[in-house]
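Chain naming here is simple, since letters A, B, ... match the order of the sequence lines and numbering starts at 1 in each.
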Number of protein chains: 2
Amino acid sequence: MVKPTRVTNSIRALRFANGEMTQAELAARLGVTRQTVIAIEQGRYSPSLELAFQLARVFGVPLDDVFQYPAE
Amino acid sequence: MVKPTRVTNSIRALRFANGEMTQAELAARLGVTRQTVIAIEQGRYSPSLELAFQLARVFGVPLDDVFQYPAE
DNA sequence: TCCATGTGTCAATGATTCTTTACATGGCGA
DNA sequence: TCGCCATGTAAAGAATCATTGACACATGGA
């Protein structure tokens, strides 16, 4: 992990809240690889804004419900 | 511009709505260069999620108020 | 006119995100 | 036990984002 991001996310919880969705299934729905999902879920890096929007759309929640940016 | 982003934004409007903030001033507040602000404002590329969050914070609005991701 | 300010363009470079491929581990059912 | 599935690690390379520096143009004030 070269540069851990400060942004945290609720992807894992949202996956399980949506029919026990697996990482592979989520990746397929996003059109990215499973490794990308793993890396984002673990906070190894924050996704591009586009991918973040797609993520929120898959779960049907606003962006701020998927990602959290801690105050200073 | 190889791949224009599909994400649009309201940065310009938000700048003027916040005391006629200039691009240079916004850039300084974000800790990025003026060129970066220009490129994002024009939709040449979408910013990183972190920068997007900082942008929303500067204007005091949720992320979804700054950036819009059009439906399919 | 001269100068400062705000905006915009271009090019080169570095940093980060994402892909691809390969392999490892633990749980579970046949 | 064997095979499959879900998860995880790792590394190299491609694609995208972000930086700097230099220059251009319009506007407004001294």
The reported gap from CG in B:L63 to CG in A:L49 (rounded to nearest 0.5 angstrom) is 6.5 Å
Counting primed atoms, P, OP1 and OP2 as sugar-phosphate and everything else as base, the B/S/- map of nucleotides 21-30 of chain C against protein heavy atoms under 4.0 Å is BB--------
Atom CG of A:L55 and atom C1' of C:dC18 are separated, to the nearest Å, by 14 Å
Side chain to side chain donor-acceptor pair (under 3.5 Å) filter on B:T8, not counting sequence neighbours, yields B:Q68
Residues at least two apart in sequence or cross-chain that pass ring pair (Phe, Tyr, Trp, His ring centres under 6.0 Å) with A:F53, listed by chain then number, are B:Y69
Here the residues of residues 9-18 of chain B within 4.0 Å heavy-atom distance, strictly under, of DNA chain D are none
Axis-to-axis angle across the helix from C:dT1-D:dA30 to C:dA30-D:dT1, five pairs each end, nearest 10 degrees, ~ 30°
For A:T22, the side chain to side chain donor-acceptor pair (under 3.5 Å) test, sequence neighbours excluded, returns none
Under 4.0 Å, heavy atoms only, any strand: does A:T36 hit a base, just the sugar-phosphate, or nothing? base
Note: contacts of residues 20-32 of chain A with DNA chain C (heavy atom, under 4.0 Å) are A:G31, A:V32
On a heavy-atom basis, the closest approach of A:Q54 and A:L30 is OE1-O, 3.5 Å
It should be established whether B:S48 places a side-chain nitrogen or oxygen under 4.0 Å from OP1 or OP2 of nucleotide C:dT17. no
Rounded to the nearest 0.5 Å, the CD1 atom of B:I40 sits from the CD1 atom of B:I11 at a distance of 6.0 Å
Rounded to the nearest 0.5 Å, the CG atom of A:L14 sits from the CG atom of A:D65 at a distance of 7.5 Å
Separation of C:dT16 atom P from B:Y45 atom OH, nearest Å, is 14 Å
Rounded to whole Å, CD1 of A:I38 lies from P of D:dA10 at a distance of 12 Å
One should read off an interatomic distance between B:Q23 CD and B:Q35 CD, to the nearest 0.5 angstrom, of 9.5 Å
Quick note, salt bridge (Lys or Arg N to Asp or Glu O under 4.0 Å) partners involving residues 13-34 of chain B, not counting sequence neighbours, are B:R15-B:E41
To the nearest angstrom, the CD-P distance between B:Q42 and D:dC17 comes to 15 Å
Taken in chain and number order and not counting sequence neighbours, the residues that satisfy side chain to side chain donor-acceptor pair (under 3.5 Å) with A:T36 are A:T33
Heavy atoms of B:A52 and B:P47 approach each other most closely as CB-CG, 4.3 Å
At under 4.0 Å, does any side-chain N or O of A:R44 touch on OP1 or OP2 of C:dT16? no
To the nearest angstrom, the CD-P distance between B:E50 and C:dT16 comes to 10 Å
Evaluate the side-chain proximity of B:L55 to B:F67: yes if any heavy-atom separation is below 4.5 Å, no if none is. yes
note: B:L51, atom CG; D:dT16, atom P; distance rounded to Å ~ 19 Å
Item checked: Contact check, side chains of B:M21 and B:V58, non-hydrogen atoms, under 4.5 Å -> yes
Check the interface with nucleotides 26-30 of chain D: list each N/O to N/O pair with the protein under 3.5 Å, or write none.
none

To the nearest angstrom, the CD-P distance between A:E41 and D:dG8 comes to 6 Å
Q | A:V66-A:I38 co-clustered via ILVMFWY side chain contacts under 4.5 Å | A | no
B:I40 atom CD1 is separated from D:dT19 atom C1', nearest whole Å, by 12 Å
